[in-house]
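The shown structure was predicted, so the numbers you read here are calculated from the model rather than taken from an experiment.
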Amino acid sequence: MINVNDIMETITMIQNEHLDIRTTTMGISLLDCADSDISVSCNKVYDKICSRAEKLVSTGEAIEKKYGIPIVNKRISVTPIAMLLGASGGDPVEYAKALDKAADQVGVNFIGGYSALVHKGFSPGDKDLILSIPEALAETEYVCSSVNVGSTKSGINMDAVSMMGGIIRQAAEKTRDKQCIGAAKLVVFCNAPEDNPFMAGAFHGAGEPDCVLNVGVSGPGVVRAALSHMNETDDLTAVADMIKRTAFKITRMGQLVGAEASEALGIPFGIIDLSLAPTPAIGDSVAHILEEIGLEKCGACGTTAALAMLNDAVKKGGVMASSNVGGLSGAFIPVSEDAGMIDAAKAGTLSIEKLEAMTAVCSVGLDMIVVPGDTPEDVISAMIADEAAIGMVNSKTTAVRLIPAVGLKDGDELDFGGLLGRGPVMKVNTTSPAKMIARGGRIPAPMQSLKN
């Protein structure tokens, strides 16, 4: 049972500290839409999404009005489209257009699942879908794409890693007149979760129900505000405890929204993803939490330790508040979406190398990082490989969302506007990894995979 009074004490957090429900994401299985005729399959996809998600947006708006809780995004995730393409063949972009049309019809912000899971190799449909990603993202508005190239159990598919360096470059180039937005809607994963409600990496896993509602909660501004009221003499144990208690309150709000929305929609409540996902708004920054803990600037020595404590405390607080915590859950460090990260990158205290170290202890990985437009494809592939290795060895999700800024160089800035924010073009070490990337094959799974 949920005590509404516990939720209502968060009103100040909502009004003054940027607390919100970042997304309600409906996961929809499209396995029953598979057909040997791609046109028939696309029609089934459109019809099922429109039928299932018809009331998703209106339900969210009704809950917002009832409780005064902002629900920033309403989204959909679907079965990885490569699975349908394996049955139908044909031009994968037709699926992307069907997804885009359905998303527009039901009024959601994004639809994720133009995806392929190739961590152990390529099955029918996978390569064709991956090769089509740049065109699909250029010709659609709402579609997001992801590719899982590795896992702790299987190792890293380096042939897929090699492909993705070029795909990211092409996605940026095909949307250069739209701030290279195609690359911002493409994520490369290791250990991708099946129930992640956050874009651009959301997809509806094969082990999920036919339809489910997942909720993504965010509140970095709330955590920072709570820490700002502590004494400077309070030790780090007290700091971690404050973060846990704050995360508990945030999660209870997500539990309320998820339970109400799933009941209204008549579908199961899946998970709450308690991730401190920042926005460009002042005061809504994970970097500023780290600075409130005691760092002069994000990126200073001690940043990784502070982030590890933050991530762990957020999860502990969330687990106490809900039995449905899942997805990614922790702290995100997307550069372009975090005002504090942007400032640190501009000041030179935060480099890509430091960000990579931080990804070993945070929720995701190298996220929303703008790199020079002439960054070689093999360097991008190698950055993916490094992140995948961190995820594989540590049995955690890692991801890469890089945006090659076509025509821009170090020190320039790419402005996406809205939730995606703006990002300084960060310096990349371009010492060549070409020979290693060209070898291909598979990096074997680590000893940690042998748990049975």
Side-chain angles (χ1 to χ4, degrees), residues 22-23 25 27 73 75-82 96 99 109-119 126 129-130 132-134 136-138 140 142-151 156-157 160-161 163-172 175 180-205 214 216 273 275 277 327-330 332-337 355-356 359 362-371 380-381 383-388 390-392 396-404 416 419-421 423:
R22 186 54 50 85
T23 179
T25 301
N73 296 288
R75 298 165 171 171
I76 295 170
S77 63
V78 299
T79 303
I81 293 298
L99 295 177
N109 306 93
F110 288 114
I111 185 165
Y114 197 76
S115 307
L117 311 180
V118 296
H119 38 283
D126 288 335
L129 183 128
I130 290 172
S132 75
I133 287 173
L137 297 180
T140 58
Y142 307 105
V143 173
C144 293
S145 181
S146 59
V147 178
N148 193 65
V149 298
S151 74
I156 303 172
N157 181 350
V161 169
M163 288 179 67
M164 291 311 300
I167 295 299
I168 290 172
R169 274 283 301 269
Q170 293 170 40
T175 53
C180 306
I181 193 69
K185 296 193 294 177
L186 171 58
V187 183
V188 185
F189 276 114
C190 177
N191 289 322
E194 295 189 341
D195 55 6
N196 164 30
F198 285 102
M199 298 296 170
F203 64 88
H204 189 70
N214 297 319
D273 187 318
S275 289
L328 297 165
S329 289
F332 289 177
I333 54 171
V335 174
S336 79
E337 298 172 17
L355 281 164
E356 182 181 305
T359 64
C362 78
S363 288
V364 192
L366 294 175
D367 193 16
M368 288 301 290
I369 295 175
V370 184
V371 299
I380 296 174
S381 293
M383 294 171 76
I384 295 170
D386 284 343
E387 271 304 302
I390 290 172
M392 175 185 71
K396 71 183 292 292
T397 300
T398 51
V400 170
R401 188 161 46 148
L402 298 176
I403 301 95
F416 304 103
L419 191 64
L420 296 179

Closest heavy-atom pair and its distance - Pro80, His204:
CD-O, 3.4 Å
Can you give me the closest heavy-atom contact between Pro404 and Cys180, atom names plus distance?
O-SG, 3.5 Å
From CG (Leu117) to CG (Asn157), nearest 0.5 Å
12.0 Å
Where do Val187 and Ala200 come nearest, in terms of heavy atoms and distance?
CG2-CB, 3.7 Å
Where is the tightest heavy-atom contact between Met164 and Ile384, given as atom of each residue plus distance?
CB-CD1, 3.8 Å
Got a donor-acceptor contact below 3.5 angstrom from the Ser381 side chain to the Gly165 backbone?
yes
Sequence neighbours left out, what passes side-chain contact (heavy atoms from CB on, under 4.5 Å) with Val143? Give chain and number order.
Leu99, Asp100, Ile111, Tyr114, Leu137, Thr140
Evaluate the criterion side chain to side chain contact (heavy atoms under 4.5 Å, CB included) for residue pair Phe198 and Val364; output intermediate values, then yes/no.
CA-CA 11 Å; Phe198 285 102; Val364 192; over 6 Å; no
Can you list the residues that meet the side chain to side chain donor-acceptor pair (under 3.5 Å) rule with Ser275, with sequence neighbours excluded?
Asp273
In this structure, NE2 of His119 is separated from CE of Met392 (nearest 0.5 Å) by 13.5 Å
So CG of Leu186 and CD1 of Ile181: to nearest 0.5 Å the spacing works out to 11.5 Å
Go through it in stages, so that I can follow the logic: the residues are Thr23 and Phe110, the test is side chain to side chain contact (heavy atoms under 4.5 Å, CB included), and I'd like the CA-CA distance, side-chain angles, deciding distance and then a yes or no.
CA-CA 10 Å; Thr23 179; Phe110 288 114; over 6 Å; no
Starting at SG of Cys362, measure out to NZ of Lys396 and round the result to the nearest 0.5 Å.
5.0 Å
So, taking the atom named CG in Leu366 and the one named OG1 in Thr398, what distance separates them when rounded to the nearest 0.5 Å?
9.0 Å
For side chain to side chain contact (heavy atoms under 4.5 Å, CB included), just list the numbers for Met368 and Phe416, CA-CA rounded to whole Å, side-chain angles, deciding distance to a tenth of an Å, and then say yes or no.
CA-CA 11 Å; Met368 288 301 290; Phe416 304 103; 3.8 Å; yes
Any sub-3.5 Å donor-acceptor pair from Asn73's side-chain atoms to Asn109's backbone N or O?
no
Only counting residues at least two apart or in another chain, list the ones meeting salt bridge (charged side-chain N to carboxylate O under 4.0 Å, His left out) with Glu387.
none
Is there side-chain contact between Phe203 and Asn148, with at least one heavy-atom pair below 4.5 Å?
no
Minimal heavy-atom distance between Pro193 and Thr397, with the atoms involved, is CD-OG1, 3.7 Å
Give the minimum heavy-atom separation between Ser145 and Ile133, together with the two atoms involved.
OG-CD1, 3.3 Å
Residue among Leu355, Val370, Asp367 satisfying side chain to side chain contact (heavy atoms under 4.5 Å, CB included) with Val335
Leu355
Identified side chain to side chain contact (heavy atoms under 4.5 Å, CB included) counterpart of Ile380 within the set Val161, Val188, Leu402, Ile167:
Leu402
Do the side chain of Asp126 and the main chain of Val118 share a donor and acceptor less than 3.5 angstrom apart?
no
